[in-house]
Protein chains: 2
Amino acid sequence: MNERADKKAARATADQVAREANVSRVAVSRAFNPNASLKPEKRDRILQVARELNYTPDMAARSLVTGRSHLVGMIVPDVCSPWESQEIDALTTALQAEGFATLLFKAKADFSMDPRLLTYMRGFNPDSVIAFTENILPDVLCGFLDRAVPIYVIYDDVKQFAGAASGTLYDRLLVRQKNGIEQAVALLQGYGARRMAYLGGKAQSLANAERERTLKETLAERGMDAPIVLAGDYTYDTAYQATLDLFRIGEGADAIFAANDVGAFGAIDALRHELGLSVPEDVKVVGFDDIPQAHWKSYNLTTVRIDLEERVRALVRLILMRLRAPDAEPFTETLNTRLIVRGTVG
Amino acid sequence: MNERADKKAARATADQVAREANVSRVAVSRAFNPNASLKPEKRDRILQVARELNYTPDMAARSLVTGRSHLVGMIVPDVCSPWESQEIDALTTALQAEGFATLLFKAKADFSMDPRLLTYMRGFNPDSVIAFTENILPDVLCGFLDRAVPIYVIYDDVKQFAGAASGTLYDRLLVRQKNGIEQAVALLQGYGARRMAYLGGKAQSLANAERERTLKETLAERGMDAPIVLAGDYTYDTAYQATLDLFRIGEGADAIFAANDVGAFGAIDALRHELGLSVPEDVKVVGFDDIPQAHWKSYNLTTVRIDLEERVRALVRLILMRLRAPDAEPFTETLNTRLIVRGTVG
DNA sequence: TTGTACGCGTTATCAT
DNA sequence: ATGATAACGCGTACAA
């Protein structure tokens, strides 16, 4: 047991490094802080000794005195969803490169979050928080934040969170869904679609509400009938069943616009494998997100793309800008969408 | 600006709560520590004041003195993979319930990890670390850990990491892949498969190596020919191409055993949509993992299941046991696999 | 460029 | 059950 304890690298403190290198403890601190002034040769010696002693500055102690945790909180309702897992992946990679670690919290399935959990998160003092969960309003979230300014994704109609107290500070990623939706509708119209169904996402989801609203608006502008709206929740199974119901109980449709790609997959499978209909000949299908699975041959989905790389860059920019200017007015980054044409419309 | 600053909930310290509640700072600390002794009435008053002042104990300060960060590090090569995102999701949920937050780190695609990143992680002083990345050996990882004892997933042949210094302490989750693989082979054999191909995962992956080894062993035991081995990397696209090559350049096969479900999807799509072959009539396909997509109608995949819930429970058990007994001998939890029969063999 | 002294917010120790 | 005091490991103002 002792044998193992010996082998285990003991944590060295700055004091030990200082003693070993014959310098003051402050010098050690400076050696690890690039902008501090220190004779280069001395710094090198210190870093050398630090390596030998297996020393790493303690983030907790550092955080205590600097007020910066180097932690970015992410509140996620469902890590498994392909879109979110992609985003978490890319964001974590990007933040890692900037010296931040990702602190992951899971919200409940209905997009709400236990106040106890928020309180808990607060204790970690994250430098920034990204809420993938859309029904914790900024005011509420800010009540659980100290220095962190949260980032919210908003959509074409900028008035979202209008109910929020005006004094609440949060930064915004504006996603212009209109572009992509308009292109999709034009394509569907061009291929003769007349009776369209909208296969919704989670009712509480703002993204979903805005997609539905924008779709209706676009159809109206182009002189088309309002869509049949099917309740959904972004899952394959619900989409599958809703599609069956649409054709068995309802009057069917000649095009389905799904709130997300996974829902579109459910619709396609229901059409092809249970209703005996062809896609795109009998029914055209469009998705939203352009997740990697969208190009899989079984689906080959025509879909509205949100550019992930661009999105992540924008989020990282927001975080860095805010940390540099904690009291600045709200920042906004904008993101476009566009249609990716594959094989489910035509 | 001041207006906003006022609205922003200022962080209260234990001292402020103590003053407001007319108690000592120590009492406040005790009020938040359930096993500390404190007159209930007094505790209630303190908690009440704390709520009014929006006070939350600072984890960094707490961690500094207790030596426990309440952070669990997860080193992941690819958050997007359906299996891993599922596992991260479930694990985060379970750990949250136990009072731990998830600290996510992304390893490189080749399953290796930058020493700088490991050093960085070390600074956060995680209470435990789960390495989904299989080619950082325990010795190496432990060199970057202080109190945390890492958890490794090992497979049927327990001799893995034999090269690791024997003194290194790490806990093990033993996954018995043999059961599921044996059932799959029996089913394939029963349906007349004779020439089998193994569609591999990442070459560096231990899970993959062991799946291949166990498959070969099982085929030999049952008097069947050794499988044709196709190089893969767990992705759809590579699996798709490898399957095309197998039938166009190679001699084909009457059954494909894929190292993971996503690879099986790629194989199925190549067979059906490009080679004009039927699954399961012409070629039978088996996957591994049983991710949610496996039951989608387009695939309806017969696959070897690893029970996620059970797996997560085992991991959480390992973490808690180790924290309770930091110096105990290595712990091992065991997990079985079993075949889920759907429509791609028959 | 370097070192001294202090403080960050909390819990552990040891009194009472 | 409660309170005073000393840590925990680090960064930073200030003086040299």
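Lettering of chains follows the sequences in order, A, B, ..., and the numbering in each one begins at 1.
- Between A:R19 atom CZ and C:dG3 atom P the separation is 15 Å, expressed in whole Å.
- Both the sub-6.0 Å distance and the 45° axial angle are not jointly satisfied by A:R116 relative to the ring of A:Y120.
- The base of D:dG11 is not paired with the side chain of A:R68 by any donor and acceptor separated by under 3.5 Å.
- Residue contacts shown for B:Y55 are limited to sugar-phosphate atoms, with no base heavy atom under 4.0 Å away.
- Contact annotation for B:S37: base contact, defined as any heavy-atom pair under 4.0 Å involving a base atom.
- Put simply, NE2 on B:H70 is 12 Å from C1' on C:dT10, counting in whole angstrom units.
- Atom P of nucleotide C:dG9 and atom CG of A:L64 are separated by 7 Å, given to the nearest angstrom.
- The side chain of A:D58 lies closest to D:dC10, out of D:dT2, D:dC10, C:dA5.
- Of the candidates C:dT11, D:dA4, C:dG9, the closest approach to any side-chain atom of B:T66 belongs to C:dT11.
- No donor-acceptor distance shorter than 3.5 angstrom exists from the side chain of A:R19 to the backbone of A:R25, with no hydrogens or angles considered.
- Taking the side chain of B:V65 as heavy atoms from C-beta on, and the options D:dT5, C:dG3, C:dT11, the nearest nucleotide is C:dT11.
- At distances below 3.5 Å, not a single donor-acceptor pair connects side-chain atoms of B:D139 with backbone N or O atoms of B:T168.
- Across the interface with DNA chain C, nearest-nucleotide mapping of A:V26 and B:A14 shows A:V26 to be the residue nearer the 5′ end.
- For A:K42, a side-chain nitrogen or oxygen approaches OP1 or OP2 of C:dG3 to under 4.0 Å.
- Between the B:S69 side chain and the B:N125 main chain, a donor and an acceptor come within less than 3.5 Å of each other.
- Note on ring orientation: taking the six-membered ring where Trp is involved, the planes of B:Y152 and B:Y170 are perpendicular (angle over 60°, cut-offs 30° and 60°).
- Atom-to-atom, CZ of A:F32 to C1' of D:dT12 comes out at 18 Å; the value is rounded to the nearest Å.
- For the OP1/OP2 pair of D:dG11 and a distance below 4.0 Å, the side-chain nitrogens and oxygens of A:S29 include at least one atom meeting the criterion.
- The interatomic distance linking B:D15 (CG) with D:dG3 (C1') rounds to 13 Å, in whole Å.
- The interatomic distance linking A:L38 (CG) with C:dG3 (C1') rounds to 12 Å, in whole Å.
- In this structure, the CZ atom of A:R30 is 8 Å from the C1' atom of D:dT12, given to the nearest Å.
- For the pair A:R25 CZ and C:dG3 C1', the interatomic distance rounds to 11 Å; values are reported in whole Å.
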